[in-house]
J.: 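What follows is a single structure, and I will ask about it in a moment.
These numbers were taken from a predicted model, which means no experiment stands behind them. Indexing begins at 1, ligand by ligand and atom by atom, following the structure's order.
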Amino acid sequence: MESGLNNKVRKAFLLLAVFAGVTLSAASGPDNVIPAPVSYTLGKGTVPSGGLVPKVIPCGKSFSRLAATLPSFARDEAYHLVISPKGATVEALTETGVFYALQTLSQMRQADPEVSCCEIIDYPRFPYRGLHIDVSRHFRTKEFIAKQMRLMSELKMNRLHLHLTDSEGWRLQIDAFPELTTRAAWRPEILWPQWRKGGKKLSEEGAPGAYGGYYTRKDIEWILSVADSCHITVIPEIEMPGHSSEVTTVYPELLCRTEDGTEPEYRNDLCPGNEATYVFLEKVLDEVCSLFPSEFIHIGGDEAGKRAWKLCPLCRHRMEEEGLADVDQLQSYLVRRVEKMLEARGKRLLGWDEILQGGLAPNATVMSWRGTAGGIQAVSEGHDAIMTPEKYCYLDRYQDAPFKEPESFGSYVPVDTVYSFDPCYMIPETLQHHLLGVQGNSWSEYIVTDEHLEYMLYPRAYALAEVGWTPMSRKDPARFRANALRLNEQVSARGYHPFDLAHERGVRKVDFPESFLSKGRPVRYGSPYHKSYAAGGDGALTDAVCGGWNFRGENWQGFLCDIDVTVDLGSVQPVHYAGATFLTQWVADIFLPDKIEILLSEDGDHFSLAGTVSRDIAQPSGGTQYIPFGIVLEGNARFVRLKAYREKGFLFIDEFVVN
Ligand code: ACM
Ligand code: ZN
């Protein structure tokens, strides 16, 4: 029976009880669980959860019949949980199913000592429900990783993607290449911006002030044993060919060459023209494949600059020899060779969506991060994909008003946005079996401490867990929020550090006056807004809708030039004020203007300067700010013109208010 009906029955029962003068305890039930179960039926009454010792029936007949109707991945994780005055019983086909039934019971128990009698039939929407932790930018101990896996498993998340290598530090012992951990795992600066400004230098294990760390094979074996007990598969990522300056620093022979035989200026990419690169990768992957039982090995593949490849004689020779038309095809050539290495070891290749460039390797699986288009393309070409678009799944972004949050990588991804994500959106039903699932990514450039990382992970990971498990028809933002608030309290008491959802400020709001002269009036552009930051086009600056916390995809209009906009008020009238708010975000290269000018005109041709405001604060060197520039005026005009003079980067403005 569907739970909606059950809620009606429950409400009717509650009403009856109130009229009859009966006091009911606020027992917890299946609606108190994250992720919400697929279906349940409420029974009569409640039972104290303290004494419940579930009886496990490994492969009950009736449940086996039902499970046989499910796709095989769902069957393996499905469970049937019955709670009645006689006790609790669990049926499942696998240990994972039993484990998940116990997590459901445990969450109900923690919500209230009294549990409603009920019958739950539950199974996942997707086989892949992942969380990504970037241990390169800041190393995390194995104990920290284990702690996160325990909470993930309570949320029925089953994949941990470890971003083990990047320019900021190599984090995995590789016996064939000891310098990856004696040198490439250490750097002089702790903070990421300082490390970048300092020239991305490495240090050495044991050197004074060396910051970093790595996992030994023993550490990984320990992590894998905890993962096993949490029913989690750990997927290692060995980043290539980009994001690899830590490798090219300690093994410069893997860099591209220049015509005169010197080392190139661009040092982030491995040289795909050099056979030594493949020897290196094969030896590394050999050890990685023998250590990690995961079917997938993630090979990165994102954001290779490819600039050195164009100049490198080895790369050019390789392209000629292999008939490769451009550097995208050269990357594809590398990925295809790596896929063969992995397949020879019984593994499947997984990579960021840039592996589509130049043609996807025959059996590759795509992790779609620059939106969902890469994932959609992959499944339409018959490949598997995992959705992890920045807009919904990047847990390193601000989750609330930037001015009250620790500095982050910009943009705004609150828990509601994560929760709203439907990974199947725009994917035809016939192809949805190729969509393996969803993952949250916690890049750590700005996340130094463990506490800060947990703050970024939770409660947004709860939302992702529900996105990955619960069918769309069962999702309910209000119920989810209530559960997330309670879960936050529980996990805080257990030593986690979630974001304080109870004090979330929510989306940015500006109270414009009820009416103002420029509201809804047409705007003439003397300089063009950037086509990627149009904010809906020509009406954006006078629509009385304010820009949000994020510069992207909302109502902020972006200019990569001076701004010159004129609003037509329709008739000549007295004007007393004109101005706009500017957004700044250092990481996104968005700055303040040096000054703004307001000019007035009655005919739209002849303007006179009515006022100027100069920037009286320094350009930002971090964070996100919303700085109003406004001018009090004395004059009559039909046309009011705003000019903003750019010093560097972008200018982003919000409503052009004239009153
Ligand atoms: C990525 O965020 N560069 C995958
Ligand atoms: Zn090269």
Side-chain angles (χ1 to χ4, degrees), residues 130-134 136-137 161-168 192 235 237-244 247-248 251-278 280-281 298-322 324 326-331 333-334 337 350-357 365-375 385-397 408-411 413 439-447 587-588:
L131 195 63
H132 151 289
I133 297 182
D134 167 7
S136 171
R137 274 52 184 257
H161 169 174
L162 282 182
H163 185 72
L164 286 168
T165 76
D166 212 305
S167 298
E168 289 81 347
W192 182 76
I235 298 173
E237 179 181 349
I238 305 297
E239 179 66 92
M240 65 187 79
H243 285 278
S244 295
V247 175
T248 63
Y251 297 112
E253 60 273 26
L254 303 180
L255 274 172
C256 281
R257 305 279 144 216
T258 54
E259 286 296 354
D260 62 8
T262 56
E263 286 180 5
E265 185 187 343
Y266 309 111
R267 307 175 63 89
N268 276 353
D269 301 344
L270 303 172
C271 172
N274 189 345
E275 204 49 33
T277 295
Y278 301 95
F280 170 81
L281 291 176
H298 200 304
I299 60 110
D302 59 318
E303 298 181 313
K306 303 173 188 165
R307 275 186 286 192
W309 300 356
K310 292 180 184 158
L311 309 170
C312 167
L314 293 176
C315 285
R316 292 220 298 253
H317 182 247
R318 177 81 63 181
M319 286 166 67
E320 220 172 273
E321 212 174 54
E322 299 292 334
L324 308 171
D326 54 27
V327 288
D328 286 345
Q329 288 192 6
L330 183 57
Q331 170 162 298
Y333 167 84
L334 177 139
R337 278 190 67 170
L350 174 59
W352 300 111
D353 56 61
E354 288 95 327
I355 64 171
L356 284 154
Q357 294 163 357
T365 297
V366 169
M367 193 168 260
S368 192
W369 74 278
R370 296 174 305 163
T372 54
I386 295 152
M387 288 299 188
T388 177
E390 277 183 286
K391 191 173 161 190
Y392 296 95
C393 299
Y394 268 42
L395 310 185
D396 57 335
R397 307 304 162 87
S408 104
F409 218 87
S411 97
V413 183
Q439 176 173 286
N441 294 341
S442 61
W443 301 103
S444 292
E445 284 90 340
Y446 286 95
I447 306 176
V587 282

J.: Looking at Y333, is R318 sitting on its ring face, NZ or CZ under 6.0 Å from the six-membered ring centre and within 45 degrees of the normal?
T.: no

J.: Heavy-atom contacts with ligand 1 below 4.0 Å: which residues, ordered by chain and residue number?
T.: D302, E303, W352, W369, Y394, W443

J.: Are the side chains of Y266 and K306 in contact, using a 4.5 Å heavy-atom criterion?
T.: no

J.: Please work out whether the ring planes of Y446 and F409 are parallel, tilted or perpendicular, with thresholds of 30° and 60°.
T.: perpendicular

J.: Tell me whether the rings of W352 and H132 are parallel (<30°), tilted (30 to 60°) or perpendicular (>60°).
T.: perpendicular

J.: Rounded to 10°, how many degrees is the angle SG/C315-the Zn ion (ligand 2)-SG/C312?
T.: 110°

J.: Identify the two heavy atoms, one from G374 and one from D353, that lie closest to each other, and give their separation to 0.1 Å.
T.: CA-CB, 4.2 Å

J.: Report the angle formed at the Zn ion (ligand 2) by atom SG of C256 and atom SG of C271, rounding to the nearest 10°.
T.: 110°

J.: For H243, run the side-chain hydrogen bond (donor to acceptor under 3.5 Å, both in side chains) check against D269, D166, T165 and tell me which one passes.
T.: D166

J.: Show your working on side chain to side chain donor-acceptor pair (under 3.5 Å) between D260 and T258 and close with a plain yes or no.
T.: CA-CA 5 Å; D260 62 8; T258 54; 2.7 Å; yes

